[in-house]
Amino acid sequence: MTTRLDLPGVTVAYRTAGDPGNPPMVLLHGLGDSHADWETVLPDLSETHHVYALDLRGHGASSHPGTYSFELMRDDVLAFLDATGIDRAVLVGHSMGAVVATLLALAAPHRVTHLILEDAVPPRPGALTRPPLPPPAEPTAFDWAAVTAIRAQLNDPDPAWWQALARLTVPTLVISGAESAIPHELLADAADRIPDAVLATVTAGHYVHTEQPTAFMSELTRFLDTH
C-alpha cells in the first residue's frame with residue numbers, strides 16, 4: 001500500500017517495508033519508473049532496513065506539477081526526510097534516481113549514511129547524448145514533461161556536478177551493468193573522483209536490480225557490511 005505525503009509544491013507517494021526499528025533506507029527509481037520497480041529486491045532489503053520506496057515527482061502516484069529537474073527532485077527528497085523524521089538514511093538510486101541521490105549527498109552529506117548508485121552518476125559535460133524525444137501517441141503513466149526536462153539536463157549537465165564528486169564525503173558504491181548502454185568508463189571515472197568509492201561490475205544491462213537481483217544484493221550487502 002502506498003502513502004501520500006504533501007510536501008512544498010508536490011505530493012509524494014511512497015511505500016514502506018521492513019521493521020521501523022531497523023536503519024532507514026530510501027530507494028529512488030529511474031526515469032519513467034516508480035517505486036514498484038524495486039519489487040525484485042524489496043523483500044531482501046527490508047530484512048535489514050526500514051525501506052522507503054518513493055515515487056519521484058511526475059511518476060507513479062506522486063503529483064505531476066509540470067516542473068522537473070534533478071535539483072527539484074533532490075529538494076523533494078530532502079523535504080521527505082524532514083517530514084518523515086528521517087535523520088540519516090542509506091540512499092539507493094537507480095539511473096535518474098542515482099543522480100538525484102548524489103546531488104542530495106553533496107548538498108546534505110550529514111543526512112546520508114551510505115550512497116549506492118546503480119548504473120548512473122551525474123554526467124560530466126559531453127559524456128551523454130540525449131536528444132529530445134517526441135511524446136508518444138498513447139498516454140504514459142508518468143508525466144512526459146519529466147522525460148523532456150531530465151534528458152535535457154543529461155545532455156547539458158551542470159559542470160559543477162562532476163567537479164563536486166571529488167568532495168563527496170559519503171561512503172559510496174557504484175554498481176555498473178556490464179551490458180548497459182551507460183558508458184562503463186563514465187561510471188569508473190566517477191568512482192575514481194569520489195574519495196574511497198567502490199566500483200562493482202555486474203553482468204547485466206541498465207536494470208541490474210531486476211536482471212540480476214542476487215548479484216545486486218550481494219554487492220550492496222558486502223558494501224554496507226564493510227563500510
Side-chain angles (χ1 to χ4, degrees), residues 1-5 12-56 59-62 73 77 80-81 84-102 104-105 111-121 141 170-180 182 184 187 190-191 194 196-227:
M1 187 181 75
T2 57
T3 303
R4 291 169 61 86
L5 180 63
V12 168
Y14 65 100
R15 177 188 170 181
T16 59
D19 185 342
N22 284 336
M25 173 182 284
V26 175
L27 308 181
L28 305 178
H29 62 77
L31 183 61
D33 293 320
S34 72
H35 77 273
D37 187 59
W38 296 103
E39 289 298 327
T40 51
V41 292
L42 191 62
D44 289 329
L45 294 172
S46 61
E47 286 185 6
T48 54
H49 289 80
H50 187 213
V51 181
Y52 299 77
L54 274 61
D55 288 341
L56 293 167
H59 293 76
S62 291
M73 292 178 179
V77 179
F80 176 85
L81 296 179
T84 51
I86 300 173
D87 183 39
R88 304 176 76 217
V90 178
L91 208 51
V92 183
H94 171 241
S95 196
M96 174 184 75
V99 180
V100 175
T102 307
L104 190 153
R111 307 300 296 272
V112 185
T113 63
H114 299 81
L115 182 64
I116 290 111
L117 308 177
E118 182 190 352
D119 211 50
V121 293
V170 175
T172 302
L173 169 66
V174 180
I175 300 177
S176 173
E179 300 167 348
S180 171
I182 302 298
H184 176 76
L187 303 179
I194 299 170
D196 301 320
V198 175
L199 175 65
T201 303
V202 176
T203 304
H206 187 49
Y207 285 79
V208 181
H209 67 280
T210 57
E211 297 173 37
Q212 296 287 351
T214 301
F216 176 86
M217 283 302 307
S218 177
E219 296 296 347
L220 181 147
T221 301
R222 182 184 301 115
F223 175 73
L224 292 180
D225 286 347
T226 56
H227 290 78

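Everything numeric in this text was worked out from a predicted model, so none of it was measured.
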Examine distances only and state if a side-chain atom of [X] and a backbone atom of [Y] form a donor-acceptor pair shorter than 3.5 Å.
X      : Y      : result
Thr172 : Ala191 : no
His114 : Leu173 : no
Arg15  : Leu54  : no
Arg111 : Ile86  : yes
Thr102 : Ala98  : yes
Ser46  : Pro43  : yes

Separation between [atom1] of [X] and [atom2] of [Y], rounded to the nearest 0.5 Å:
X      : Y      : atom1 : atom2 : answer
Leu45  : Thr40  : CG    : OG1   : 8.5 Å
Met1   : Thr16  : CE    : OG1   : 7.5 Å
Asp44  : Thr221 : CG    : OG1   : 7.5 Å
Leu31  : His59  : CG    : NE2   : 4.5 Å
His209 : Leu42  : NE2   : CG    : 10.5 Å
Leu187 : Leu117 : CG    : CG    : 9.0 Å

Legend entry - Contacts of Ser95 that satisfy side chain to side chain contact (heavy atoms under 4.5 Å, CB included) - sequence neighbours left out: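 Testing Ser95 for side chain to side chain contact (heavy atoms under 4.5 Å, CB included), a comparison that skips the adjacent residues, returns His206.
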Legend entry - For Glu219, side chain to side chain contact (heavy atoms under 4.5 Å, CB included) partners two or more places apart: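 Testing Glu219 for side chain to side chain contact (heavy atoms under 4.5 Å, CB included), a comparison that skips the adjacent residues, returns Ile175, Ala200, Val202, Arg222.
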Min side-chain heavy-atom separation [X]-[Y] under 4.5 Å:
X      : Y      : value
Ile194 : Leu115 : no
Ile116 : Met25  : no
Val41  : Leu27  : no
Val92  : Phe216 : yes
Glu47  : Met217 : no
Val90  : Pro24  : no

Legend entry - Asp196, CG: over 12 other non-hydrogen atoms inside 6.0 angstrom: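 Count not over threshold, so no.
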Looking only at heavy atoms, what is the nearest atom pair of [X] and [Y], with distance?
X      : Y      : answer
Thr210 : Pro213 : O-CD, 3.6 Å
Gly205 : Ser180 : C-CB, 3.7 Å
His184 : Ser176 : ND1-OG, 2.9 Å
Ala178 : Thr203 : CB-CA, 4.2 Å

Legend entry - Validation row, ring centre His94 to ring centre Tyr207 under 6.0 Å: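 Ring-ring flag for His94/Tyr207: true, centres closer than 6.0 Å.
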Legend entry - Sub-6.0 Å ring centroid separation between His29 and Trp38: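 For His29 and Trp38, the ring centres are not under 6.0 Å apart.
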Inset, instruction - Using the side-chain contact (heavy atoms from CB on, under 4.5 Å) rule, pick out the option among Thr2, Asp55, Leu56 that qualifies with Ser34. - result: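 Only one option passes, and that is Asp55.
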Inset, instruction - Among Val99, Val112, Val170, find the one that has a side-chain contact (heavy atoms from CB on, under 4.5 Å) with Leu104. - result: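 Going through Val99, Val112, Val170 one by one, the side-chain contact (heavy atoms from CB on, under 4.5 Å) with Leu104 is satisfied by Val112 alone.
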Inset, instruction - Taking ring-ring contact (aromatic ring centres under 6.0 Å, His included) as the test, write out the residues that go with His49, two or more places apart. - result: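 Not a single residue meets the ring-ring contact (aromatic ring centres under 6.0 Å, His included) criterion with His49.
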Legend entry - Short side-chain donor-acceptor distance under 3.5 Å, Asn22 and His50: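 No pair is found: no donor N or O on one side chain lies under 3.5 Å from an acceptor on the other.
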